[in-house]
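So you know, we letter chains A, B, ... as the sequences are listed, proteins then strands, and number each from 1.
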Protein chains: 4
Amino acid sequence: MNIHSHVPLSDKRTAILEAALDLFVERGYHGTAVPAVAERAGVGAGTIYRYFKSKEDLVNALFRHWKQALAGQIIAGVSPTAPPREQFHQLWGGLARFARNHPKVFAFLELHHHASYLDEESRATETRVLDLARAFVARLQDQGVLRPMPAMAIMILVYWGLVGLTRCAQEGRLDLTDDVLVQAEECLWDAIRA
Amino acid sequence: MNIHSHVPLSDKRTAILEAALDLFVERGYHGTAVPAVAERAGVGAGTIYRYFKSKEDLVNALFRHWKQALAGQIIAGVSPTAPPREQFHQLWGGLARFARNHPKVFAFLELHHHASYLDEESRATETRVLDLARAFVARLQDQGVLRPMPAMAIMILVYWGLVGLTRCAQEGRLDLTDDVLVQAEECLWDAIRA
Amino acid sequence: MNIHSHVPLSDKRTAILEAALDLFVERGYHGTAVPAVAERAGVGAGTIYRYFKSKEDLVNALFRHWKQALAGQIIAGVSPTAPPREQFHQLWGGLARFARNHPKVFAFLELHHHASYLDEESRATETRVLDLARAFVARLQDQGVLRPMPAMAIMILVYWGLVGLTRCAQEGRLDLTDDVLVQAEECLWDAIRA
Amino acid sequence: MNIHSHVPLSDKRTAILEAALDLFVERGYHGTAVPAVAERAGVGAGTIYRYFKSKEDLVNALFRHWKQALAGQIIAGVSPTAPPREQFHQLWGGLARFARNHPKVFAFLELHHHASYLDEESRATETRVLDLARAFVARLQDQGVLRPMPAMAIMILVYWGLVGLTRCAQEGRLDLTDDVLVQAEECLWDAIRA
DNA sequence: CATGAATGAGTTTTCATTCAT
DNA sequence: TATGAATGAAAACTCATTCAT
């Protein structure tokens, strides 16, 4: 999947973002040199600065892009009128599909969770997504479908469960098959349903 | 809790390890300058190199120390003869107490792009601990107490659930009270029991 | 004479090599700071690392370059068919001219003789040059022109005589005029001829 | 031979000077760390500063001590009334014996020739010795025994010849037997006699 | 637009020297 | 007197960023 779904504003911009994603996940933000990003992207080091004001600007663009993409995909996949268990199935399916298609993105988004180089706008994006999710959980709790406990805790158990599965799969410690994803869905539904 | 449980071999060594833990969690390994560690530890920059061969040696010492401390505390807390639900209670209690007492350690241990700077010995320590846990889970699965699915996946859902709770608590997004921990225990037991 | 005889691949590289030569002779390898080399070369400190992997790489490049240049100039100047005394005259003339034109190089090559920071390739270069010279001396000994004694000793008396003359001239203790060089040639020929 | 011929003021001082000599010859002045000298001397690092004001003070003490020892031994060995060839024999014998007994000292004295860390007193010592030698050579030139050329040049050919022989012997490139030393004496006498 | 050579501020690390014991 | 842990200044080296081409 391309970073620019519709209009590839620039192949180079995309190449830079993809290279940056790879390296930030592999070595972390501070452990990644800008010339290394340029080399992997197949562009000159100076070129990066035509598309991004700075290294910090680059990591923030990457973060916001994917955070929004993830939120959008999840929201689009969940039908507001479906019954709760079906909604959870759609939600988990969306998350799992995303984690499967973009395992590096998934690792990146948590790696850089709340990091000092994320700017106000990125934090705002993060908070917006969280608030959306919290409202969704709270509504189901009001309906008595989910357990009465902090909505945040419910979200965490589900989301970080998938983070853990994805990371361990990336490290080769777990084979993240469809079966395992289905089993995990069942587990987590049992974890949170009232 | 002191890094040297019995004999504080050296106050400075301990101070350095504690300062390094704080900063590695706050800013990451590559984002942390050695003089910053020294300053927070209240020692001269050169002093760090009297206790650790290099910055890499320091992060590895820190990792191994705490990985072993965590494993030791958990193992010590679980009675091999207790009934399964009680064993899970002991396990979760040990983990939760550890995460509560050393939230930074808990964050640090999973702060992975460790991949690039952890040495062979540290990886071996990690693998040893994992194998221990896997054996424990597999035994309960054989007894039909836990769901038939990859043991690793079960471990991940529980462990990363707590990682998520701890990290979000650190970020101020969640108030990790005893109540929440008890509720989470109930959730996760329902997640994994057969 | 330029370090790049034909094509000055890079003015900066040459400037760095020349600055390094000056400083290594003045203050020794370990006594010379890389930024000092940069300053004398009129480049930024980081620039040195665009042309040389490390300080050690720099000193080795310098050593090999000049060792080969010296050997080449000597070999080119000696006619294989000339009578022995004439060959010695050519040899001495070549050496003396080199020492006169590049007194610092001459000092450098002996200063760094067998130093711990010279790598395998540099030692190989050194050995190759020495073997060439030894063969030359041995042939003249076989012809009964030079005294029967270790070829190495003969080479040393001539070569180190010139090293001493050059070094003392550099220190201002001796005025190394053409006359003195001619007289020294006469002395050393009498020293080694049968 | 002990650094303090008569009264061993202190074993530690001697041990330090001997260790420093070894290391300065092996790695140069700037390449030698004071703690490394202490370790080889078998004393604490701080102890060095009870005997020498600084590293520079240490290298100067070492230089002066051995320069004077060398000069003294040579002077003592040459009989002012002997015939010239015999005087040269005594001189060469003294030098050669010294170089044989203390090859590292011989290397050290020229390695550190006129280096920037030698102080005024060390330079004065050097100059005094040179002037003595120059007067000796000049007298023989006046008698028509040695060639009419700068006295300094004559001294250099002889002295640096031995320096070269000693250094190459140390490097293992030459076996410096008594035979070779006798042959070299003959060579150098032929080099300088009128 | 795109580049990559150049740079200096900042990083990790070493070491001469001090000083409490 | 002797020590060696401690240190900060300075070393080698890296890298985000700029700018001439």
In whole angstroms, the gap separating P of dG4(E) from CD1 of Ile16(A) amounts to 13 Å

I'd like to know if the side chain of Ser122(C) and the backbone of Leu118(C) have a donor-acceptor N/O pair within less than 3.5 Å.
no

Determine, using ring centers only, whether Tyr117(D) and His30(D) are less than 6.0 Å apart.
yes

For Asp11(A) and dA2(E), give me the distance from atom CG to atom P, rounded to whole Å.
11 Å

After noting the C-alpha distance and the side-chain angles of Thr47(C) and Arg13(C), does the key distance pass the side chain to side chain contact (heavy atoms under 4.5 Å, CB included) rule?
CA-CA 9 Å; Thr47(C) 303; Arg13(C) 196 185 136 93; over 6 Å; no

Without decimals, in angstroms, what is the distance between Leu58(D) CG and dT17(E) C1'?
14 Å

Look at the side chain of Asp57(D) and the backbone N and O of Phe52(D), then say whether any donor-acceptor pair between them is shorter than 3.5 Å.
no

Using heavy-atom distances to pick each residue's nearest nucleotide on DNA chain F, tell me which of Ala36(A) and Lys12(D) is more 5'.
Lys12(D)

Any donor-acceptor pair under 3.5 Å from Tyr29(B) side chain to Glu56(B) backbone
yes

All stems with DNA chain F, defined as three or more consecutive Watson-Crick or G-U pairs under 3.5 Å:
E:2-21 with F:2-21

More than 12 heavy atoms from other groups under 6.0 Å of CD on Gln68(D):
yes

For a quick test of reading the model, state the closest non-hydrogen atom pair linking Pro35(A) to Ala45(A) and the distance between them.
CA-CB, 4.5 Å

Should the heavy atoms of other residues, nucleotides or ligands under 6.0 Å from CD of Glu171(D) be counted, would the total exceed 12?
yes

Calculate the interatomic distance between Glu56(C) atom CD and dA11(F) atom C1'; express it in whole Å.
15 Å

Could you identify which residues of residues 21-33 of chain C place a heavy atom less than 4.0 Å from some atom of DNA chain F, listed by residue number, or say none?
Thr32(C), Ala33(C)

Could you check whether Pro35(B) gets within reach of a base, just the sugar-phosphate, or nothing at all, counting any heavy atom under 4.0 Å?
base

Check each residue of residues 37-53 of chain A for a non-hydrogen atom within less than 4.0 Å of any atom in DNA chain F, then write out the ones that pass by number, or none.
Gly46(A), Tyr49(A)

If only atom types and distance count, is the side chain of Thr32(A) paired as donor or acceptor with the main-chain N or O of Gly28(A) below 3.5 Å?
yes

How many Å lie between NZ on Lys55(C) and P on dC13(F), as a whole number?
8 Å

Any Lys/Arg nitrogen of Glu18(A) or Lys104(A) sitting under 4.0 Å from an Asp/Glu carboxylate oxygen of the other?
no

For the pair Asp22(D) and Arg27(D), find out whether any cationic side-chain nitrogen is under 4.0 Å from an anionic carboxylate oxygen.
no

